[in-house]
**Student:** 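Before anything else, here's the structure in question.
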Amino acid sequence: MSQNIKNVKQVLLLCILLAGCASPQTRTPTIDNDNAEIETKKQQTLVVDDYVNNYKKLQLVTSRIVTNGADLCGDKVAGYYGFMWWNQNSLDSTLKEISKTAYNLGEVYTILSVPAGSPANKADLREGDVIVSINDWLVPIGVGSDKQLDQKILDYGKTLTPLQMTVLRNGINFKTTITPIKACDFKVHLVPDDVKNAYADGKSIVVYKGMMDFFKTDDEIALVVSHELAHNAMKHIDAKQKNAMVGGLLGLLLDIAAATAGVNTNGDFMRLGSGLSGNAYSVEFEQEADYVGLYFMKKANYDIDNAAAFWRRMAVNNSKAITMKTSHPTTPERFVAIEATVAEINAKVAKGEPLTPELKSKNKQEVQPNSNPDALPEIAPETITEPPSI
Ligand SMILES: [Zn+2]
């Protein structure tokens, strides 16, 4: 049967079926396309507003944590200025056009967020200011200029160099100097997806919008940001990659041995070894991120007393995590361990002792995260499965 005849038959069959279908009985309002178009824009604007508000909230909490926790970040510290910028190309797809008109964005770089208490806030930099120059460097526009601007600020941050900023505010040039302070050198990003998850990739912290919607208080935001920061500060991703490499090598030897014996394993042993070893100590790393994370949280003066209760909420929301053993501890294990850590930290506060996590060895030292400053390759985010990989 030719494809055309087949298609015609299918259409005829569909018509017959539709004729037999029941149709609605009432006269619903006719949709005015123009009004629907206006409403579409309004709803998209609300989405951008919601993203921007959540972004600012996340930056404010992170700003407090990375600045107060600098001494727990080992060599991964840099000068922190405390301002975030964007332009018309910063958001993707439909949100791009909406952000452009709703926030009056162009090719130039506009200040999006200045967390309260940050160096930029103290220097009176404001949201909506347009960046003109930094230390006499005229900020370019066009393709690649965002990376240049990012790199410039990053370079100055490494040497704790103050930024002499010229910004355009209400059509007038405003000059100010931002003096950086030391902070953990990990940025936080907000992904505008309704996924309830967050992860650390060794270089930065990523929080999904769906996770922000789940948080009830700033303390809860701080709990998750601190946990992810602890993964980065303690170089867990680096350690996992090393474990995966060692396991992969052992597997490769088995593959070679099999090949010598005339068996083609297609590298199965290597993949198996790499996967198993990559997950080695996974639960322990999670426990450490919970433990060190609470220290980060307390140092930033967030309330840790309800931290354990967050895992009860996560359990209600995701009952599999109560009993399911994965790469993460179960929610009851997390609850109990966090209660114990909170008691430990509160006792230190009561005695006026420094807020330094306890090491395994009896020899008490500062927690020294691995001092290897090598940049890590980008890795894929933890797979988003149930339960979430926080
Ligand atoms: Zn984690």
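We count ligands from 1, going down the list as the structure has it; atoms in each ligand are counted the same way. All figures in this text were calculated on a predicted structure; none of them were measured in a lab. Below, each value reflects all heavy atoms present in this structure, side chains not excepted, and no hydrogens, waters or symmetry copies.
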**Student:** With a cut-off of 2.8 Å, does H231 put an N/O/S atom close enough to the Zn ion (ligand 1)?
**Tutor:** yes

**Student:** Between N87 and D146, does a side chain to side chain contact (heavy atoms under 4.5 Å, CB included) hold up when you go through it step by step?
**Tutor:** CA-CA 9 Å; N87 77 352; D146 53 341; 5.9 Å; no

**Student:** Counting only pairs under 3.5 Å, give me each side-chain donor-acceptor contact of residues 123-143, with atom names and distances, residues two or more places apart or in other chains.
**Tutor:**
residue	atom	partner	partner atom	Å
D124	OD1	R126	NE	3.0
D124	OD1	R126	NH2	3.4
D124	OD2	R126	NH2	3.2
E127	OE1	K56	NZ	3.0
D129	OD1	R169	NE	2.8
D129	OD2	R126	N	2.9
D129	OD2	R169	NE	3.4
D129	OD2	R169	NH2	2.8
S133	OG	T166	OG1	3.3
N135	OD1	Q164	N	2.5
N135	ND2	P162	O	3.3

**Student:** Using only atom types and a distance under 3.5 Å, with no angle test, would you say the side chain of Y80 pairs donor to acceptor with the backbone of C184?
**Tutor:** no

**Student:** Mind checking whether the Zn ion (ligand 1) has an N, O or S of E286 under 2.8 Å?
**Tutor:** yes

**Student:** State whether H227 contributes an N/O/S atom found under 2.8 Å from the Zn ion (ligand 1).
**Tutor:** yes

**Student:** Can you tell me how far CD of E37 sits from NZ of K42, rounded to the nearest 0.5 angstrom?
**Tutor:** 12.5 Å

